[in-house]
Each structure stands twice: as structure tokens, then as C-alpha cells.
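Positions are given from 1, in the same order as the sequence printed here. Only a predicted model underlies this, so the values are computations on that prediction, with no experimental measurement involved.
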Amino acid sequence: MTKQEALYNYILRIADNNMLLGQRLSELCGHGPFLEQDIATSNIALDLIGQSNALYTYAAQVEGKGRTEDDLAFLRTEREFYNTLLVEQPNIDFAHVMVRQFFVDAFNLYFFQELAASKDITIAAIAAKSNKEISYHIRHSSSWIERLGDGTKESNTRTQNAINALYRFTGELFEMNAIDELLIKEGVAVNLMGFKSKWDNLVKETFVKSNLTLPENTFMQRGGKEGKHSEYMGHILAEMQYLQRSFPGAKW
């Protein structure tokens with residue numbers, strides 16, 4: 001694998017994570033429990049999709065085959081996406097939405113801080129620009145975790161159920177392979193294990209404050225970073241790519 005191929009795949013992974021999570025959140029537009037939350041969810045979705053747009057644009061430049069950000073987002077097949085399994089999980093209820101968001105926001109908080117120091121100046125610039133948005137995202141999701149966990153018996157039970165269902169997908173967030181090893185040596189990629197303990201502490205401290213617990217001895221699911229996805233991936237792509245496949249050439 002060449003450095004160019006590794007860099008292309010690495011950028012796609014980050015972009016795909018943001019794109020799929022943004023798509024999941026955008027499904028909730030107009031369905032928020034109240035107006036302010038509806039607007040907040042839509043704004044976070046737009047932030048994530050905007051970040052993925054910038055990353056897809058750069059990935060297309062690195063690939064050098066004349067494809068555009070639209071081609072990468074809307075004309076790749078399921079096996080060509082490298083997002084983690086966590087971000088493609090469905091919106092079961094509001095607790096699932098917030099727990100999934102909190103797990104990802106806590107990861108992005110440290111990941112994008114480290115990525116802003118990348119020797120690749122384009123990646124560093126995108127990460128630096130994204131950090132302000134991510135700081136808002138983590139405040140929003142962590143505050144909801146506390147409100148739901150420390151709220152009623154019903155909200156606590158639903159949130160704990162969401163944690164029990166989604167925690168098994170968090171191990172993949174920190175999974176690394178030959179692509180990471182090659183780009184870490186070049187000073188481009190982030191060593192994910194370098195901030196794993198910070199992520200663990202933030203998640204545990206937030207759950208303890210919220211009367212919630214992490215499940216023990218959890219088997220961690222994997223495969224998304226290799227293009228092996230859950231049963232939900234095909235459905236979300238069918239909806240996300242419908243317009244571009246029905247009207248080829250449509251622009252963002």
C-alpha cells in the first residue's frame with residue numbers, strides 16, 4: 001500500500017463516520033421532543049455533514065481520479081464505506097440517539113484535537129475548524145446524558161438500555177491497522193490508543209454522575225472499518241443516495 005492510498009482510506013474513514021452520523025441525526029429533523037432540541041439536532045447534523053464535505057473534497061484530490069465529494073458520498077457501495085458500526089445504528093428512541101452521540105462526541109473531542117497537529121496541513125486545518133463545533137456537541141450530549149440518567153425512572157431505564165445496546169460498538173472507535181501505522185510514522189495520523197484512557201474516564205465519570213453504569217465483559221463488535229457493516233447500513237444508504245442515483249449530477 002502506498003502512502004497516497006493509505007491517506008485516501010484514512011480520510012474516507014473520518015468522513016464516512018461524520019457523514020453517516022449526520023445522516024442518522026437528519027432523520028430526526030422535525031421530530032424533536034421540543035423546538036429547541038429539534039433545531040439543535042439539525043444543527044449538529046449539519047456540522048457533521050459539513051465536516052464530511054470538506055474531508056470528501058480532500059479525499060477526492062488525494063485519490064486523483066477525477067471523482068468529486070458527491071461521487072464519494074453518494075455513489076459508493078456499502079462495502080466501500082469505512083465508518084464504524086456505531087454511527088450507523090438506528091434511532092431507536094431519544095436515549096439511543098443521545099448515548100450514541102455522546103460516545104462519538106467524547107471520541108471526537110480528543111481525536112480532532114490530536115488531528116489538528118497532523119503534518120498534513122489540509123487535515124490539520126479541517127480538524128482545527130471542527131474543534132469548536134465538537135466542543136458544543138459534547139456539551140450538548142453529555143448534558144442530556146445527565147438529565148436522562150438522573151431524571152425519572154423511565155428515562156434512566158431507557159438510557160441504561162441504550163448504553164447496554166451500544167457500548168459493544170465503541171471498541172472499534174480505537175481499532176487501528178496498517179494504514180494507521182504507516183501514517184502515524186509520517187506524522188499524519190493519530191495514535192488512537194494515546195487518548196483511550198481519557199475517553200474511558202470521561203465516559204465513566206459522566207455515567208457515574210448520571211446514575212448510569214457501563215456493562216462489564218462486553219464483546220466488542222467490529223468490521224465497519226473494513227467495509228463489513230450491520231444490517232442497517234444498506235437501508236440508510238438507500239435513503240441517503242436516492243436523490244443522486246435518481247438524478248445523476250445533482251450538487252450539494
Side-chain angles (χ1 to χ4, degrees), residues 16-29 31-34 36-38 40-45 47-48 83-112 133-175 192 195-224 229-233 235-236:
D16 289 345
N17 267 330
N18 286 6
M19 187 67 190
L20 268 294
L21 186 56
Q23 176 68 17
R24 274 292 182 228
L25 293 179
S26 69
E27 294 173 2
L28 298 171
C29 183
H31 298 279
F34 51 88
E36 187 179 29
Q37 178 56 37
D38 195 60
T41 303
S42 299
N43 281 337
I44 294 171
D47 288 343
L48 292 166
N83 56 277
T84 58
L85 298 174
L86 177 61
V87 299
E88 66 196 50
Q89 298 307 303
N91 304 319
I92 302 294
D93 59 18
F94 189 67
H96 275 74
V97 172
M98 281 302 132
V99 169
R100 182 187 62 202
Q101 191 67 35
F102 174 64
F103 281 145
V104 176
D105 289 341
F107 175 84
N108 283 344
L109 176 67
Y110 300 117
F111 175 66
F112 276 79
E133 296 170 342
I134 292 167
S135 65
Y136 163 73
H137 298 170
I138 187 66
R139 286 201 304 272
H140 181 262
S141 60
S142 62
S143 68
W144 266 112
I145 293 297
E146 292 180 34
R147 293 168 69 181
L148 294 172
D150 199 28
T152 65
K153 182 179 179 182
E154 176 74 9
S155 69
N156 178 279
T157 299
R158 283 176 176 260
T159 308
Q160 186 61 58
N161 289 342
I163 293 168
N164 295 342
L166 295 173
Y167 182 62
R168 61 194 167 116
F169 299 112
T170 60
E172 191 181 27
L173 292 170
F174 297 92
E175 189 176 277
L192 302 180
F195 62 87
K196 176 69 164 55
S197 60
K198 291 182 180 178
W199 184 91
D200 286 334
N201 291 337
L202 177 58
V203 169
K204 288 175 183 175
E205 289 171 3
T206 303
F207 286 170
V208 168
K209 283 193 296 184
S210 311
N211 297 314
L212 298 164
T213 59
L214 281 173
E216 296 181 355
N217 302 318
T218 302
F219 175 79
M220 291 295 176
Q221 302 284 331
R222 60 181 302 277
H229 296 282
S230 66
E231 66 270 31
Y232 305 110
M233 187 65 173
H235 295 283
I236 190 173

Q: Could Arg222 and Glu172 be called an ion pair, given the rule that one side-chain N must be under 4.0 Å from one carboxylate O?
A: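 Between Glu172 and Arg222 there is no salt bridge, as every charged N stays at least 4.0 Å from the carboxylate O atoms.
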Q: Ser135: which residues meet the side-chain contact (heavy atoms from CB on, under 4.5 Å) condition with it, sequence neighbours left out?
A: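 Once residues adjacent in sequence are excluded, the partners of Ser135 under the side-chain contact (heavy atoms from CB on, under 4.5 Å) criterion are Arg139.
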Q: Between Glu154 and Arg158 (salt bridge meaning N to carboxylate O under 4.0 Å), is one present in this structure?
A: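 Salt bridge flag = yes for Arg158 with Glu154.
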Q: Does the separation of the ring centres of Phe169 and Phe103 fall below 6.0 angstrom?
A: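 Ring centres of Phe103 and Phe169 not closer than 6.0 Å.
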Q: Is there side-chain contact between Thr157 and Lys153, with at least one heavy-atom pair below 4.5 Å?
A: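 Side chain of Thr157 against side chain of Lys153, heavy atoms only: contact under 4.5 Å found.
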Q: Any side-chain donor-acceptor pair under 3.5 Å between Gln89 and His96?
A: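 On atom types as modelled, these side chains do not qualify, holding no pair under 3.5 Å.
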Q: Which heavy atom in Arg147 sits nearest to a heavy atom in Ser155, and how many Å separate them?
A: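 In terms of heavy atoms, the two residues are closest at O-OG, 4.4 Å.
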Q: Considering all heavy atoms of both residues, which atom of Leu212 and which atom of Gln160 are nearest to each other, and what is their separation?
A: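 Where Leu212 meets Gln160 most closely, the heavy atoms are CA-OE1, 3.5 Å.
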Q: CG/Asp105 to CD1/Ile134 distance, rounded to the nearest 0.5 angstrom?
A: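 The CD1 atom of Ile134 is 8.0 Å from CG of Asp105, to the nearest 0.5 Å.
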Q: Is Asp200 salt-bridged to Lys204, going by a charged N under 4.0 Å from an acidic O?
A: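 No, no charged N to carboxylate O under 4.0 Å.
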Q: Over 60° means perpendicular and under 30° means parallel, so tell me whether Phe94 and Trp144 are parallel, tilted or perpendicular.
A: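 The rings of Phe94 and Trp144 stand perpendicular, inter-plane angle above 60°.
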Q: Between Phe207 and Phe102, is the ring centroid distance below 6.0 Å?
A: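 Yes, close enough.
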Q: Assign the ring pair Phe174 / Phe107 to parallel, tilted or perpendicular, where the plane angle (0 to 90°) is split at 30° and 60°.
A: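 Because their plane-to-plane angle is over 60°, the rings of Phe174 and Phe107 count as perpendicular.
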Q: Heavy-atom count around Arg24 CZ within 6.0 Å, excluding the residue itself: above 12?
A: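 Atom CZ in Arg24 is crowded, with more than 12 foreign heavy atoms closer than 6.0 Å.
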